[in-house]
Amino acid sequence: TTEIYTLSLHDALPILRRSGRLPEEATDAVTEVKLELERARVMLDLKRYDQAASLLARIVAGDPAHARAWCMLAAAQLGNHQYQEALAAARRAIGLAPSDDWPHRQISLARLHLGHHIASVNAATEACKLAPNEWRAHLCLAQAELAKKEDFGAAERAAANARRLAPNEPDVYFVSGKISLAYGRLRSAREYQERALALDPAHSGAQNELGRISMHRAGMAQAARHFIQAARSAPRVGIYSRNVEIVVGRVLNLVIYVA
């Protein structure tokens, strides 16, 4: 393929998998459960999704009323690209904690990956209703609207809300830049991604987006530099190396054509 890849919401924004609001469970008074949940959290942070899912499956089997554990299991399943399973786990969490936004965000992400764009927007909208001051919810809605490709204005408004609520979070500028690029606003797209990198110089998603932007304006060499930097920052993310291969292939084809 010659398509230049962009990151999915889940791959680019792992912080969206985490809860900002879910209260501690009463059962967490049991030290063993608390320790197991902490181990699972570390595994999620390290992207060891198989191990996390296995541990969390044991936790919910022993305590099926543990909403946080169900959400963490959904996070591990999202990381493993098991979107139907993540939907089921997030629904269990909603049944136990219906007023929390985290499982609704997870359902939105799973629906997005499954191509259910309207359902993804609906779940993200519900998350925003439940937690109007939670920037992650608005950012989730922005990405869902962007993926739907019907109302970029709605995506832009949701991203603006996220920036207002979390002006020092690089991810809000990363998604804002993706929306600007979808509009064809190359200057603002670049400014947003540069802002994301100023806040987090290791933000590989922003580097990748700068490469995509450069494909429209600065040319192959500049795009390749951004894709290579993204690949170095996150070598486990395969789309970066694929983007490098695509750009190098185009350059070689150009050289052969000119020769």
Side-chain angles (χ1 to χ4, degrees), residues 7-28 37 40-41 44-45 56 60 65-79 83 86-114 116-148 151-176 178-179 192 196 199-200 205:
L7 283 180
S8 69
L9 181 68
H10 177 268
D11 292 330
L13 307 176
I15 197 168
L16 292 181
R17 300 195 303 273
R18 300 174 189 163
S19 170
R21 301 175 61 246
L22 201 65
E24 294 294 330
E25 303 289 339
T27 53
D28 286 357
L37 286 173
R41 185 194 64 77
L44 288 173
D45 288 343
L56 289 161
V60 297
H66 202 301
R68 179 179 292 274
W70 280 111
C71 280
M72 293 174 71
L73 178 58
Q77 290 164 335
L78 284 169
Y83 303 120
L87 276 175
R91 285 172 178 150
R92 290 292 296 268
I94 289 173
L96 295 165
S99 64
D100 194 84
D101 67 295
W102 190 18
H104 291 280
R105 287 187 273 125
Q106 293 179 316
I107 285 178
S108 178
L109 293 176
R111 290 294 192 189
L112 186 151
H113 281 283
L114 291 168
H116 306 159
H117 295 140
I118 294 176
S120 177
V121 168
N122 291 341
T125 299
E126 182 64 21
C128 291
K129 290 178 180 177
L130 291 169
N133 294 319
E134 173 56 72
W135 66 272
R136 297 169 183 85
H138 292 282
L139 201 59
C140 190
L141 177 59
Q143 184 73 6
E145 290 284 6
L146 176 61
K148 194 173 68 169
D151 189 353
F152 289 137
E156 196 167 49
R157 289 190 294 274
N161 284 329
R163 294 196 304 273
R164 173 178 56 82
L165 291 166
N168 295 317
E169 288 288 345
D171 292 335
V172 303
Y173 300 100
F174 168 71
V175 173
S176 297
K178 290 181 69 175
I179 295 168
Y192 279 132
L199 291 167
D200 178 8

Do side-chain atoms of Gln106 reach the backbone of Cys71 as a donor and acceptor pair under 3.5 angstrom? yes
Any donor-acceptor N/O pair, His116 side chain to Ala119 backbone, under 3.5 Å: no
So [Y] and [X], do their side chains get closer than 4.5 Å, heavy atoms only?
X: Leu87; Y: Ile107; result: yes
X: His104; Y: Ile94; result: yes
X: Glu169; Y: Phe174; result: no

Please list, chain by chain and in numerical order, all residues satisfying salt bridge (charged side-chain N to carboxylate O under 4.0 Å, His left out) with Lys148, sequence neighbours excluded. Glu145
Salt bridge (charged side-chain N to carboxylate O under 4.0 Å, His left out) partners of Arg41, counting only residues at least two apart: Glu38, Asp45
A quick test of your reading: do over 12 heavy atoms of other residues, nucleotides or ligands sit less than 6.0 Å from CD1 of Ile118? no
Spacing of [X] atom [atom1] and [Y] atom [atom2] [to the nearest 0.5 Å]:
X: Ser176; Y: Leu146; atom1: OG; atom2: CG; answer: 10.5 Å
X: Arg136; Y: Trp102; atom1: CZ; atom2: CH2; answer: 10.0 Å
X: Tyr173; Y: Asn168; atom1: OH; atom2: CG; answer: 6.5 Å
X: Asn122; Y: Glu126; atom1: CG; atom2: CD; answer: 9.5 Å
X: Asp101; Y: His138; atom1: CG; atom2: NE2; answer: 9.5 Å

Step-by-step side-chain contact (heavy atoms from CB on, under 4.5 Å) determination, Asp151 to Val121: CA-CA 11 Å; Asp151 189 353; Val121 168; over 6 Å; no
